[in-house]
Number of protein chains: 2
Amino acid sequence: MAKIKSNRTSTRKDIIVAKAAKLFREKGYSATSMRDLAEHVGVEAASLYNHISSKAEILQDICFRVATKFVLFIEEIDASNRSALDKIEAILRFHIRQMIENYEEVYVSDREWKHLTDPYLSNMQSQRRAYRQRMGSIIEEGMRRGEIKPIDASTAVLIMLHAVSGIESWHRSKRKIEGDKLEDNMVKILVGGLKQS
Amino acid sequence: MAKIKSNRTSTRKDIIVAKAAKLFREKGYSATSMRDLAEHVGVEAASLYNHISSKAEILQDICFRVATKFVLFIEEIDASNRSALDKIEAILRFHIRQMIENYEEVYVSDREWKHLTDPYLSNMQSQRRAYRQRMGSIIEEGMRRGEIKPIDASTAVLIMLHAVSGIESWHRSKRKIEGDKLEDNMVKILVGGLKQS
DNA sequence: ATTTTTCCCTAACAGACGTTAGTTTTATTT
DNA sequence: AAATAAAACTAACGTCTGTTAGGGAAAAAT
């Protein structure tokens, strides 16, 4: 029977993954050693292998857990009855929120996925491409309906997705505006930049 | 007398730095070994040390060369007699152009600087902060003059700088729009998002 | 109280890393 | 042609890496 540790909802593996996310974000996947990680968890490096199978597995967990969450959200939004612009805003807000509240894992998923190995790497590349294409389709629908100014959909997608990753600067700031205000300001600028005027 | 190699304008060190930029972008600084780099240059790893002093020196070169170029540009623009919005547009266009034409080095400077070591790391952090603050001041000036909608300047800066780094997706696309069109679309969305309407 | 299971430890492994030192080869200068 | 300088090579070094194996301690189950 798997023993529950530290907190009933959190296994040792969860702790390892959470600490790993923090270190992978701070230093990068390759620059973080298993000995570094073990030190933060509070065990010896060799002990980690009672709970995980490999360093690579940790990265896979983080990347696919985050990717899945985003895919599920966009599917839900895309199936809803909203204008294209409202859909885009909802997706944008979700990205911003995730980047504020689940920063470590979202950052790692977004910036360190290139260290995955096949077949996970190919899988992730496909997922990311499909996700961008899906966002692009929503934007194109908005252009057809006259809600969104005539622009290159791919460009709009890359702007929004990368602008959100800029929240890493917000996390590093000493004096930062409130999360809600950050979200509203970003939406104002980004959605405002899309709107037909 | 230092011997000129390969091309009168390009020393062996220049070749090493250019190949390094490519590999650091593709794989990350830590995941790129000196043996990897040497293979791409066409020598043994130990031979690199006839031209460079260390792996760290290569990263310093790339990061500070790019940073200096950006600082010089914003100083020139800031000293000019233009509206705040025009200044922002000029800076944005410069960033976009650099990201299109000098992709490898700009990407590495933007994404791998955290692997610098002190005092270079502290120096780089200070430079980046000062740069963002400078952009923020221009935006605030634009707000005072009624050119730019009332928003959080720091948020606007983080959006623009990170949106530009999204050009990495453009580089990876098979079917991509022309550089000029990409630039115009990005400016339309981002500057459009700032304009008082 | 005893047995079983889980988890941590130490020790070790094989391989890779960045870099140095000395030698050899190639290029340049005289 | 000979001497000198530059650049490449091989070999090696000390350290670090991810991971495995086996033993012991702690926790859980009986």
Side-chain angles (χ1 to χ4, degrees), chain A residues 1-21 23-24 26-63 108 112 114-118 120-121, chain B residues 1-21 23-24 26-63 108 112 114-118 120-121:
Chain A
M1 156 184 75
K3 189 204 287 186
I4 308 294
K5 294 295 274 298
S6 309
N7 178 311
R8 280 191 72 79
T9 61
S10 180
T11 63
R12 192 60 137 172
K13 183 177 177 181
D14 292 337
I15 293 169
I16 290 169
V17 172
K19 296 285 194 189
L23 287 168
F24 291 171
E26 280 172 14
K27 309 169 66 159
Y29 175 77
S30 300
T32 301
S33 69
M34 295 301 272
R35 284 161 180 81
D36 285 337
L37 176 55
E39 193 177 349
H40 279 79
V41 170
V43 296
E44 292 293 332
S47 306
L48 297 173
Y49 293 89
N50 292 309
H51 309 282
I52 57 133
S53 62
S54 67
K55 187 185 187 189
E57 185 210 12
I58 302 176
L59 186 62
Q60 285 154 22
D61 262 23
I62 295 170
C63 291
V108 170
E112 301 294 319
K114 73 172 75 167
H115 299 292
L116 291 166
T117 53
D118 273 321
Y120 301 98
L121 178 58
Chain B
M1 159 183 72
K3 190 204 282 187
I4 309 294
K5 296 295 276 296
S6 307
N7 179 310
R8 278 190 75 78
T9 60
S10 179
T11 64
R12 192 62 138 169
K13 182 177 177 179
D14 292 337
I15 293 169
I16 290 169
V17 171
K19 296 285 192 185
L23 287 169
F24 291 171
E26 280 173 13
K27 309 169 62 155
Y29 175 77
S30 301
T32 301
S33 69
M34 294 301 271
R35 286 162 178 79
D36 286 338
L37 176 55
E39 192 176 349
H40 279 78
V41 172
V43 297
E44 291 292 335
S47 305
L48 296 173
Y49 295 88
N50 290 313
H51 309 280
I52 56 132
S53 60
S54 67
K55 186 183 187 189
E57 186 210 12
I58 301 177
L59 186 63
Q60 286 156 20
D61 262 22
I62 294 170
C63 291
V108 170
E112 301 294 318
K114 74 170 76 168
H115 298 291
L116 291 167
T117 52
D118 273 320
Y120 301 98
L121 178 57

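Everything numeric in this text was worked out from a predicted model, so none of it was measured.
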Any side-chain N or O of [X] less than 4.0 Å from the OP1 or OP2 oxygen of [N]?
X	N	answer
B/R12	D/dA8	yes
A/S33	D/dC16	no
A/H51	C/dC8	yes

Whole angstrom is fine here: how far is it from [atom1] in [X] over to [atom2] in [N]?
X	N	atom1	atom2	result
B/Y49	C/dC17	OH	P	11 Å
A/E39	D/dG18	CD	P	13 Å
B/K55	D/dC16	NZ	C1'	13 Å
A/K13	C/dC8	NZ	P	15 Å
A/L48	D/dT20	CG	C1'	14 Å
B/M34	C/dT19	CE	C1'	8 Å

Can you check whether A/L59 reaches A/E112 side chain to side chain, under 4.5 Å on heavy atoms? yes
Could you list the protein-to-nucleotides 9-14 of chain D atom pairs, N/O on both sides, closer than 3.5 Å?
unit_1 : atom_1 : unit_2 : atom_2 : d
D/dC9  : OP2    : B/E44  : N      : 2.6
D/dC9  : OP2    : B/S47  : OG     : 2.7

Kindly list each side-chain donor-acceptor pair under 3.5 angstrom involving residues 37-45 of chain B, sequence neighbours excluded, with atom names and distances?
unit_1 : atom_1 : unit_2 : atom_2 : d
B/H40  : ND1    : B/D36  : O      : 3.2

Could you go through the side-chain contact (heavy atoms from CB on, under 4.5 Å) check for A/D14 and A/V17 one step at a time? CA-CA 5 Å; A/D14 292 337; A/V17 172; 5.8 Å; no
ring-ring contact (aromatic ring centres under 6.0 Å, His included) partners for B/Y29, two or more places apart: B/F24, B/H115
Tightest non-hydrogen contact, residues A/L48 and A/M34, listed as CD1-O, 3.6 Å
Quick test of your reading: applying salt bridge (Lys or Arg N to Asp or Glu O under 4.0 Å), list the pairs with at least one residue in residues 53-63 of chain B, sequence neighbours left out, ordered by first then second residue. B/K13-B/E57, B/K13-B/D61
For B/S30, answer base if it contacts any base atom (sugar-phosphate contacts may also be present), sugar-phosphate if it contacts only those atoms, and nothing otherwise; contact means non-hydrogen atoms under 4.0 Å. nothing
